Amino acid sequence: MAAQKNILVLSGGGFKGAFQWGALEYLIEQQQIRFDRIAGVSVGALNGALVAMDKFAELKALWQQVQREGYSSIYTSELVVMERETVRPDFEAIIRKLLPRSLFRYGFQYVFNRPALIREVVANFNQIRSLADNRPLYTTLQRVVRRSDFKVPFQCGVVSLVDANYYTCRPEDFASDEEFCRAILASTAMPIVWEPVKELRWKGSSAQNATVIREVVDGGIRTVSPLGDVVHAIKDETDDVDDYVIYILNCNSWDLPADSSRDYHLTNIALRALDDIAINEIFNDDLKRYLEINELVTQVRNAQRDQRLPPDFRLTLGGKVLKCFRTVLVQPEPGEAGHTLDSSAATIERRRAAGFRRAEEAFKMTMPMA
């Protein structure tokens, strides 16, 4: 019988994922914690996959590369320019992208045929699927991800823009390493910033037929912290385990800091509304509900131990008996993690140091001392 199982849950957060790097340095290297199950979405899918394959050295090397090279180690862009936390459109590049290639050679044709010009501009606009190209990240995934290398159960979350469903993806759900790399890439594909993965062939619980998931993006737009995934997986386990400890590494704080200094043009409006506000609120609702239910079940268990409640008393939800888990929540203070797309060396290092510090605080506060 296993005395304890450690579960790792990693939220999304773009380049704020360096906070998770620092937290994992403390948990893995300082406390020698080994995780028995890992789940993540967005950047948490990337970090979680490397930890699940016992490739923490590669995870550190990836973030150190981001420190040296900036965002170009993850993505490139023809349409926007990133300067620390500032995202600004490259208007010259946008105009070149939208206007017909033949305009300057045969411009006189468009002078007398404005509808033709408008149609071509609209057609060119409709071909733009993202602000940036994440092929550098895809190349890294292809190099390091092997389904046979996973040492513990791992799952990441993706969402189909076509059917709006959330899908849990595990290495065994795909027929090849290449297809699973694409699933992790999809989980990191923040809408608008990166292009959706056009399709994935996902088996899920079906051993025979694969489901084709189309236009697949970051699972964080439905569930920033995949707590439900791991809780359901734990319920399906047959091992007799005395204690589960869930480590939640969240790149976002409870409270979203004000941001009055940002220039709110189109790209920053989209990033602020979708990534900062919407995703942060989804996480808050998800995590707070989990913590509230977990606290109630913990109180029931403690009351049973003190014989204030009968031993057969159970709390249920939807006909299922609820369990309680020890939870180590690691997250930054408001404003500590910075802007999602800030990939400057100083900010990455600040996040790493903050993650290490917050993990140490949370661990010492939650876990019993020997």
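All values reported here derive from a predicted model rather than from experimental measurement. Below, all heavy atoms of this structure are taken into account, side chains as well, without hydrogens, waters or symmetry copies. FYI, the numbering just counts along the sequence from 1.
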Donor + acceptor pair across side chains of [X], [Y] (<3.5 Å):
X: Asp133; Y: Trp194; result: no
X: Arg326; Y: Gln4; result: yes
X: Gln30; Y: Glu25; result: no

Donor-acceptor under 3.5 Å ([X] side chain, [Y] main chain):
X: Gln20; Y: Leu249; answer: yes
X: Thr366; Y: Ala362; answer: yes
X: Ser160; Y: Arg214; answer: yes
X: Ser187; Y: Asp218; answer: no
X: Thr139; Y: Arg135; answer: yes
X: Ser343; Y: Gly70; answer: no
X: Gln65; Y: Leu62; answer: no
X: Asn250; Y: Ser11; answer: no
X: Glu179; Y: Arg201; answer: yes
X: Asp173; Y: Arg170; answer: yes

Nearest-0.5 Å distance, OH of residue Tyr75 to CG of residue Leu137: 12.0 Å
Distance (rounded to the nearest 0.5 Å) between Arg182 CZ and Ile213 CD1: 11.0 Å
Cationic N near anionic O, under 4.0 Å, Glu58 to Arg143: no
Do NZ/NE/NH1/NH2 and the carboxylate oxygens of Glu336 and Arg357 come within less than 4.0 Å? yes
Looking only at heavy atoms, the pair that brings Cys251 and Ala337 closest together is O-CB, 3.7 Å
How far apart are the closest heavy atoms of Ala49 and Ile184, and which atoms are they? CB-CD1, 3.9 Å
Considering the options Ile74, Thr347, Asp342, Val43, which one meets the side chain to side chain contact (heavy atoms under 4.5 Å, CB included) requirement together with Phe15? Ile74
Could you list all the salt bridge (Lys or Arg N to Asp or Glu O under 4.0 Å) pairs where at least one residue sits in residues 145-157, not counting sequence neighbours? Lys55-Asp149, Arg147-Asp177
Given the rule that I, L, V, M, F, W and Y join up when any side-chain heavy atoms are under 4.5 Å apart, are Leu161 and Val41 in one cluster? yes
Qualifying ring pair (Phe, Tyr, Trp, His ring centres under 6.0 Å) pairs, either residue in residues 29-59, two or more places apart: Phe35-Tyr247
Quick one: list whatever passes ring pair (Phe, Tyr, Trp, His ring centres under 6.0 Å) with Phe150, sequence neighbours left out. Phe154, Phe180
